[in-house]
Amino acid sequence: MEYIREWLKTILYMDVLLLVCESLIQKTKYETYFRFFSGFLMTMCLMRPLIDLAGAGHNLDASYFRNL
């Protein structure tokens, strides 16, 4: 139950952040790029439980930290 709550909280925070950023970027030439990038981020957030279920979540986290 805690995992679902954290997952939904992440989606909510990401959605609010992207809505604020979208309101700042309106009517610019970068709006289409931002929509593509934000759609990709939301898709990754929504698929996170499936990624964790498949066992690939650890690999994604490790590759992210390795590049820092």
Side-chain angles (χ1 to χ4, degrees):
M1 188 63 156
E2 185 66 29
Y3 181 80
I4 294 172
R5 184 176 293 139
E6 289 296 320
W7 177 60
L8 291 174
K9 194 185 309 183
T10 302
I11 291 172
L12 178 68
Y13 290 157
M14 183 67 70
D15 193 33
V16 169
L17 177 69
L18 291 176
L19 283 173
V20 168
C21 292
E22 185 178 354
S23 68
L24 296 174
I25 295 182
Q26 281 184 347
K27 307 287 191 256
T28 63
K29 62 182 178 180
Y30 300 110
E31 186 177 7
T32 56
Y33 301 113
F34 177 77
R35 286 183 184 260
F36 174 76
F37 182 70
S38 64
F40 176 74
L41 285 177
M42 285 303 292
T43 302
M44 291 303 290
C45 284
L46 290 171
M47 290 179 51
R48 184 64 190 207
L50 296 175
I51 293 170
D52 289 342
L53 185 65
H58 178 68
N59 293 336
L60 291 175
D61 293 339
S63 65
Y64 174 74
F65 289 121
R66 193 176 323 133
N67 291 329
L68 289 178

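One-based numbering along the sequence shown.
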Applying salt bridge (Lys or Arg N to Asp or Glu O under 4.0 Å) to Lys29 and not counting sequence neighbours gives none

Q. Do Val20 and Tyr33 sit in the same hydrophobic cluster, where Ile, Leu, Val, Met, Phe, Trp and Tyr count as joined when their side-chain heavy atoms come under 4.5 Å apart?
A. no

- prompt: Can you tell me if CZ on Phe36 sees more than 12 non-hydrogen neighbours from other groups inside 6.0 Å?
  reply: no

All heavy atoms of Trp7 vs all of Pro49, minimum pair found to be NE1-CD, 3.1 Å

Query raised in the report: Does Arg48 reach the side chain of Thr10, with side-chain heavy atoms less than 4.5 Å apart?
Result: no

| message | Check for me, please, whether Ile11 and Leu19 land in the same ILVMFWY cluster - side-chain distances under 4.5 Å, paths through other members count. | response | no

Report whether Leu46 and Leu8 are members of the same hydrophobic cluster (ILVMFWY, side-chain heavy atoms less than 4.5 Å apart, transitive linking).
yes

Is it the case that one hydrophobic cluster holds both Phe40 and Met47, taking links as side-chain heavy atoms less than 4.5 Å apart, direct or via other members?
yes

Nearest heavy-atom approach of Met42 to Leu18 is CG-CD1, 3.7 Å

For Gly39 and Thr43 the tightest heavy-atom approach is O-OG1, 2.7 Å

What one should report as the nearest heavy-atom pair of Phe34 and Cys21 is CZ-CB, 3.5 Å

Contacts of Tyr30 meeting side chain to side chain donor-acceptor pair (under 3.5 Å) (sequence neighbours excluded), chain-then-number -> none

* Please test Arg35 against Glu31 for salt bridge (charged side-chain N to carboxylate O under 4.0 Å, His left out), starting from the C-alpha separation and ending with a verdict. => CA-CA 6 Å; Arg35 286 183 184 260; Glu31 186 177 7; 3.3 Å; yes

